[in-house]
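Comments concern the structure below.
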Amino acid sequence: MQEGKVRRISGPIIRASGLGSSGLFDLVEVGEKKIIGEIVRLEKDEAVIQVYEDNTGLKTGSPAVSTGRPLSALLGPGLIGTIYDGIQRPLALLYEQDGAFMKPGGSICALDSGKKWRFIPDSALAEMIASGEKVTARAGLVLGSVKETDSVTCKIMVPPDTKGGEITWLCKEGDYTVFEIAAKTGYGEEIAFAQWWPVRKSRPVSSRLSPTEPLITGERVIDIFFPLSKGGTAAIPGGFGTGKTMTQHAIAKWCDADVIIYIGCGERGNEMTDVLTEFVQLTDPRTGRSLMERTLLIANTSNMPVAAREVSIYTGVTLAEFYRDMGYHVAIMADSTSRWAEALRELSGRMEEMPAEEGFPAYLPTRLAEFYERAGRVQTLGGEEGSISIIGAVSPPGGDFSEPVTQHTKRFIRCFWALDRDLANARHYPAISWIDSYSEYAEEVQRWWEQVNPDWTLARRKSLDLLKQEQRLAEIARLIGSDALPDEQKLILLTAQIIKDGFLQQNSFDDIDMYCVPDKQVSLLLLIIEFHERARVCIELGAPMTKITETGLKEGLSRLKNIVKNDSLGEIKEFESKMRIKLEELEKAYRARKVL
């Protein structure tokens, strides 16, 4: 530990002399209240510190003590279901200690140090050690497990930074606290149930794998049109009120990830309150139990210290890597990276750095890359397969996608779900634009989807083509009126409307439509495409458009998503049979007229 003195204070940025031999990003305790900070720059004997707490009342000349270790997260049993702030302090315990407003220097252990967890050692490992066989303490080796919740089992593993050596002792089955010793090695290392890991340093993996399996969200516009792979990266940009947070809520509830980590960095306090209250009440559709049994929340609202907002995303992704290393598929919801970038801009200004475009620091792209590159599908050091999928919300001012945060984010993500204000104003949710959005994972997940239904690629391509044609025809229709269009083009407008109303639009409050299984998604879209193909044949034979609309198939196709349950897909086949009969009768009638 090294002690210095505060020389200058500029908001959350503090300059302290006497800390020149400290390390970059070392943790520092500032003032008599021991406010937590981090060294972000070293200049000869002076250190530039950014503090993560309110430093009102701090004076020059106050002590600044470097702890000699970087800002780290405590990883172990008890993380799941907890609500933390940006530097991993449990908010519920802080509320009990300080009340509604946190006091500077408030320090509470991230994990309950008094709670005992039932540890069950790995049977094969315990047998080998008991028989005298030499077992190397290699990184990622599973020592045993602790049932953290009914949905998540926490594996106690040898940490990545271990020195190695032979395991000389392994604790027996029993109840232990997180700071007790699980194993000892020949090098004198003691491996506890909980481990510290620097938040800005990614945890190592054995190898990276191709993201060939989709993250199923139950949202048709995402899963079919713009799929995200497990281990992929996505951005949801959109102006105020377009549904970024609600889309992330739906994905968090329904996606097939094993662990959900929600990072609220810089959101409004009332919006974050809604998240905290709603997530506790949500039911996990897979288990029927509380969704919090596989969810971890990080709350850093806009009125909390700005520096903690900047570090909150690193804390969140470090916790995600901990569960990924156990072989879990983790999904991170970061809401929103724009507020995080604003914190970065404010801190950069306080440090008197040269600003780049719109005042953001020149290293904004680097920081975004450092965050998103920690996603991926990997083979862990322990030989398991795990993944981290990152979904970041972006809040461009005025919905302008040309602003720096959105543009730089697009460089590092492969899935772009652009929210459209016109769709949101029309109450079309999710308001994901099928024109401006894209996914580079479509080809990689194609094989998986074609195992569900071999016609997935065909249905996706044809429906996207119809929507693009509809966009061009809609502009013409505004000028000359839709009645002046030929029937072939009217049919394109009709089919596109069915796709929008009967497929893309999804009601989160409808018991049937809130989640759609992959089979139902493809079946609905193929049914709409078949309607278009058969109706086009009828029109080519001379049937007027009015005859197509009189069949009532448009209304039936639009309502089918709300009628057919996920486990009753036979009803789609029944509707398909009725549709074929109606359109075949119409086709026969006009084919006969053509012959005559």
Side-chain angles (χ1 to χ4, degrees), residues 72-84 88-94 96-97 107-133 135 137-162 165-197 258-259 261 280 284 287 289-297 318-328 330 380 382 384 386:
S72 303
L74 183 60
L75 309 174
L79 292 170
I80 295 294
T82 310
I83 303 170
Y84 292 108
Q88 208 198 5
R89 293 182 300 184
L91 292 178
L93 295 179
L94 280 174
E96 293 177 6
Q97 176 180 288
S107 179
I108 294 182
C109 183
L111 299 175
D112 188 344
S113 58
K115 183 174 181 179
K116 292 197 171 185
W117 298 89
R118 188 69 179 178
F119 172 71
I120 301 175
D122 183 82
S123 56
L125 180 64
E127 187 177 334
M128 291 168 68
I129 294 173
S131 63
E133 187 174 342
V135 180
R138 55 180 176 79
L141 177 67
V142 177
L143 303 174
S145 62
V146 169
K147 195 167 183 61
E148 195 167 353
T149 67
D150 287 335
S151 303
V152 176
T153 298
C154 180
K155 296 178 182 178
I156 309 302
M157 301 176 295
V158 176
D161 56 356
T162 184
E166 180 187 343
I167 296 179
T168 58
W169 177 82
L170 178 68
C171 70
K172 298 179 180 180
E173 181 176 347
D175 298 327
Y176 303 91
T177 61
V178 292
F179 292 114
E180 290 189 70
I181 306 303
K184 296 178 182 178
T185 71
Y187 288 152
E189 275 189 300
E190 295 181 338
I191 302 172
F193 289 93
Q195 311 158 8
W196 290 97
W197 188 264
D258 302 310
V259 177
I261 295 181
V280 174
D284 186 350
T287 63
R289 303 176 62 85
S290 173
L291 187 64
M292 287 300 290
E293 289 189 0
R294 61 182 182 94
T295 303
L296 198 157
L297 300 176
T318 301
L319 300 177
E321 288 175 340
F322 176 60
Y323 285 100
R324 176 208 63 191
D325 290 349
M326 300 179 197
Y328 289 118
V330 186
T380 67
E384 300 280 353

Rounded to the nearest 0.5 Å, how far apart are CD1 of I83 and CG of L94? 12.0 Å
Under 3.5 Å, is there a donor-acceptor pair between the side chain of T162 and the main chain of A139? no
Just how far is it from atom CG of L319 to atom CD of Q88, taken to the nearest 0.5 Å? 5.5 Å
Would one find more than 12 heavy atoms of other residues, nucleotides or ligands at under 6.0 Å from atom OH of Y187? no
Indicate yes or no for a side-chain donor-acceptor contact from Y328 to the backbone of T153 under 3.5 Å, with no hydrogens or angles considered. yes
Show, in sequence, the C-alpha distance, side-chain angles and deciding distance for V142 and E384, and conclude whether the side chain to side chain contact (heavy atoms under 4.5 Å, CB included) test is met. CA-CA 11 Å; V142 177; E384 300 280 353; 5.5 Å; no
If you look at every heavy atom in S113 and F179, which pair is closest and at what distance? CB-CE1, 3.7 Å
Where L111 and A194 come nearest, the two heavy atoms and their spacing: CD1-CB, 4.0 Å
Does any part of the side chain of W197, heavy atoms only, come nearer than 4.5 Å to the side chain of F322, both counted from C-beta? no
Taking the side chain as everything from C-beta on, heavy atoms only, tell me whether Y176 gets closer than 4.5 Å to F193. yes
First locate atom CE of M157, then atom CZ of R138, and finally report the distance between them rounded to the nearest 0.5 Å. 11.5 Å
Residue pair E148 / C154: nearest heavy atoms and the distance that separates them: OE1-CB, 3.4 Å
Quick one: are R118 and E173 in side-chain contact, heavy atoms under 4.5 Å? yes
Identify, with sequence neighbours excluded, every residue that meets salt bridge (charged side-chain N to carboxylate O under 4.0 Å, His left out) alongside E180. none
Does any part of the side chain of I108, heavy atoms only, come nearer than 4.5 Å to the side chain of R89, both counted from C-beta? no
Please report the C-alpha distance between V135 and L170 in whole Å, then the side-chain angles of each, then the deciding distance to 0.1 Å, and finally whether the side chain to side chain contact (heavy atoms under 4.5 Å, CB included) criterion is met. CA-CA 11 Å; V135 180; L170 178 68; over 6 Å; no
Does the side chain of V259 reach to within under 4.5 Å of the side chain of V152, using non-hydrogen atoms? yes
Would you say the side chain of P159 lies within less than 4.5 Å of the side chain of I191, judging by non-hydrogen atoms? yes
In Å, rounded to the nearest 0.5 Å, how long is the span from CG of D112 to CG of L93? 7.0 Å
Whether the side chain of Y84 engages the backbone of A110 through a donor-acceptor N/O pair (distance < 3.5 Å, no angle test) should be reported. yes
Within this structure, what is the CD-CG distance for the pair E127 and D122, rounded to the nearest 0.5 Å? 10.5 Å
Closest heavy-atom contact between G114 and T177? O-CG2, 4.0 Å
Taking the side chain as every heavy atom from C-beta outward, state whether L143 and V158 have any atom pair closer than 4.5 Å. yes
Compare all side-chain heavy atoms of I156 with those of V146 and state whether any distance is below 4.5 angstrom. yes
Of all heavy-atom pairs linking W169 and C171, the shortest is CH2-CB, 3.4 Å
Output the distance between atom CZ (R294) and atom OG1 (T149), rounded to the nearest 0.5 Å. 10.0 Å
Can you list, pair by pair, the side-chain donor-acceptor contacts under 3.5 Å of residues 74-81, counting residues two or more places apart and other chains?
none

Without swapping roles, check the side chain of K155 against the backbone of M326 for a donor-acceptor pair under 3.5 Å. yes
Within 6.0 angstrom of K147 NZ, more than 12 heavy atoms from elsewhere: yes
